[in-house]
Each structure stands twice: as structure tokens, then as C-alpha cells.
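If you're wondering where the values come from, they're calculated on a predicted model, not measured in any experiment. In each ligand, atom 1 is the first atom listed, and ligand 1 is the first ligand listed. Index from 1, following the sequence.
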Amino acid sequence: MGTTVQSLRAEALPHQPLIVSTWPFGKAGNEKALETLNNKDSLLDAVEQGIRVVEADETNRSVGISGLPNAAGVVQQDACIMNGPDHNAGSVAAIEGILHPITAARRVMENTPHVMLVGDGARQFAIKEGLESMKVDSQKLHQEWHQKQNKPAPTERPKDNHDTVALLVLDTKGDIAGGCSTSGWGGKLPGRVGDSPIIGSGLYVDNEVGAAGATGLGENVMRYCASFMVVEYMRQGLHPEEACLKTIARISAIDPKSAEDLHLNFVALDKKGRFGAAGSGSGFQYSVTTPDSSKVLEGAAFTKKDVGPEGGNTK
Ligand code: SD4
């Protein structure tokens with residue numbers, strides 16, 4: 001691990017809230033989450049309100065209703081939320097025309113006996129719950145979809161047209177919750193679901209250990225239950241940054257693609273208040289907020305030479 005990475009590593013920050021999220025656009029969400037935590041002392045409100053800020057940003061083409069559409073011209077969003085203290089979770093996938101999928105995910109968790117609702121069922125549920133919705137012109141979409149049938153389906157990973165906000169909150173009691181939300185891969189096949197709403201893939205929270213969230217190419221995250229893996233490495237005592245790196249190393253040892261082409265990025269925090277992030281390539285930035293500061297940091301960059309014989313990270 002290089003010195004830059006080491007110097008960015010945080011040591012224990014006990015007794016104060018900590019919020020960590022993916023990308024610079026997570027910072028505004030972090031700050032809202034901290035404000036919410038201060039005012040309402042509710043982990044779930046902090047996660048939900050923080051993510052809603054990112055979903056509501058109309059300039060963001062990868063989270064929220066202004067995200068990039070799928071191959072049929074419609075924005076289908078994925079989101080989930082997970083609560084550490086009772087290990088409960090809720091998620092929605094491929095939901096259309098709902099302004100705040102994170103709120104829909106929370107309602108699934110709190111108001112149904114289920115964990116996940118998808119597609120039109122998720123949309124109808126959200127509308128019944130009174131969430132803000134937009135009309136989805138399915139007939140127009142249907143026609144557009146048919147017009148596009150002659151075009152090849154997207155098979156290559158699109159360049160820089162997808163991102164996710166994954167936001168993790170640790171409160172002063174040491175309780176943890178997290179959530180994530182995305183419009184996913186622009187131009188994806190209708191009905192494609194990424195890692196973000198899959199508990200253990202795009203997000204995982206274990207109140208005894210810590211939490212992790214992912215952004216990147218969901219297909220390369222969900223095949224490995226990668227956020228769960230990050231948390232399990234933290235359970236073994238690894239620092240959050242090392243846990244992220246070791247997860248990338250393990251996936252990289254199995255997958256023949258170059259590390260750069262895997263497009264894996266993780267953020268993590270642990271119960272002690274330590275945090276870290278890593279990407280399979282360079283340039284992954286994440287946001288960290290405490291009552292003392294709110295900043296964007298550079299995640300550690302994995303390099304393939306770090307893979308040990310067992311597929312773990314050699315550091
Ligand atoms: C997905 N992981 O749908 C999400 C998108 C993302 O950076 O995070 N892209 O595959």
C-alpha cells in the first residue's frame with residue numbers, strides 16, 4: 001500500500017457520528033444525514049434524508065429520476081436501505097417514475113413483511129404509500145423499445161455512464177445503518193437489476209462489525225456478494241480500507257478482466273469509527289463527514305500485483 005493511501009487512512013474516531021458515502025456527490029448527502037442525525041437522532045432518517053438529497057439533484061445523471069435511461073428510454077432505479085440494530089432491510093428494483101426510491105425501499109422495510117419489491121409492483125406500492133411519482137408513458141416506451149429491437153443490446157460496459165450513492169452512517173451509540181440508490185447502467189436492458197438493491201452486494205450492514213457499500217459495474221459486484229465480503233473481512237479485524245482492497249484482490253484473482261476493467265469501488269466503515277475506500281482502478285473519490293469536517297478523499301487504488309497466491313491482498 002502506498003504512502004498516499006496510508007496517509008488517508010483514518011484512525012479510530014469514537015464518540016462522534018461518522019458518515020461515509022461514494023463519490024463527491026455524496027458529500028451533500030452526508031451533510032444532510034449529519035444534520036438529520038443531530039436533529040432527530042434517527043439513523044434511518046439520516047440515511048434516507050441524506051440519500052434523498054442526492055436523488056433530488058437534477059444535475060446528477062446517475063442517481064434519481066434525472067438518471068440515464070435504459071435501452072427503452074425509461075429510467076429504472078434501484079435502491080435499498082439496511083438498519084444495523086435490528087438487521088432489517090428493504091429494497092426496490094427497476095422501479096419507474098418514483099422520485100425517491102430510497103424512501104420506497106424504507107417503506108418496504110417498515111410497512112411490508114418483505115425485503116424487496118421490483119418493477120411495477122414496487123411502483124404501485126410506492127404510489128399507494130403516497131410517495132411522489134411521475135406518469136410513465138408505457139405505450140410510448142413500448143413503441144420505442146420495439147424500434148430499438150433491431151439494434152444490438154448493450155453488452156460492453158458503458159464508459160462512465162453509471163454511478164451510485166451508497167451512504168453509511170455510524171452514530172454515537174455505535175449503531176450503523178446504510179442505503180444506496182442509483183439509476184444504474186445507462187442503456188441497460190429493461191428489467192436489468194444491478195447490485196445496488198441486492199442486500200450483501202451493493203450494501204451490507206452488520207451492527208457488530210461495520211458496513212460497506214459499492215459503486216461500479218454491478219455485474220462484477222453482485223456475483224461476489226462483495227459488500228458482504230468487505231464486512232466479513234472487517235470482522236476478521238481488517239481496517240475498512242484493507243477490507244475493501246482485499247475484496248477487490250479476491251475478485252481480481254478470479255476474474256480474468258484487468259483490474260481497471262472490473263470497475264469495482266467500495267466504501268466501508270467499522271464500529272470503532274474507522275473508515276476507508278478502494279477502487280479497482282485509480283480515481284475513486286468518496287465523501288467523509290463528521291461534526292468536525294466534511295471532505296472528499298481519494299480511495300486507495302488496487303493494483304493487480306497486490307494479489308497473493310490465495311487471491312487475497314498481499315499487504
Ligand atoms: C449498477 N452499481 O447498477 C450500479 C451503478 C454504479 O458506478 O454504481 N455505477 O451497476
Test side chain to side chain donor-acceptor pair (under 3.5 Å) applied to Glu96 and Gln76, Arg123, Gln77, Lys135, the passing residue: Gln76
Which residues share a salt bridge (charged side-chain N to carboxylate O under 4.0 Å, His left out) with Lys271, sequence neighbours left out: none
Verify the neighbour count for atom CD of Gln236: are there more than 12 heavy atoms of other residues, nucleotides or ligands below 6.0 Å? yes
Residue pairs passing the ring pair (Phe, Tyr, Trp, His ring centres under 6.0 Å) test where at least one lies in residues 81-136, sequence neighbours excluded: His87-Tyr204
Of the backbone atoms (N, CA, C, O) and the side-chain heavy atoms from C-beta on, which set of Arg192 has a member under 4.0 Å from an atom of ligand 1: side chain, backbone, both, or neither? side chain
Give me the atom names and distance for the closest heavy-atom approach of Gly64 to Val75. O-CG1, 3.9 Å
Ligand 1 atoms nearer than 4.0 angstrom to some heavy atom of Asp163 are 6 (C), 7 (O), 8 (O), 9 (N)
Atoms of ligand 1 less than 4.0 Å from Ser196 heavy atoms? 2 (N), 4 (C)
Any nitrogen or oxygen of Thr164, main chain or side chain, under 3.5 Å from a nitrogen or oxygen of ligand 1? yes
Who's closest to atom 2 (N) of ligand 1 heavy-atom-wise, of Thr22, Asp195, Val63? Asp195
Taking only non-hydrogen atoms of Gly184 and a 4.0 Å limit, the atoms of ligand 1 in range are 3 (O)
I want to know if ligand 1 touches Gly218 in the polar sense, i.e. an N/O pair below 3.5 angstrom. yes
Backbone or side-chain N or O of Thr182 under 3.5 Å from ligand 1 N or O: no
Side chain, backbone, both or neither: the part of Ala214 lying under 4.0 Å from ligand 1 by heavy atom: neither
Heavy-atom check, side chain of Val74 versus side chain of Pro69, under 4.5 Å: no
Below 4.5 Å, heavy atoms only, C-beta onward: do Asp163 and Thr22 meet side chain to side chain? no
Does an N or O from Gly216, backbone or side chain, lie closer than 3.5 Å to an N or O of ligand 1? yes
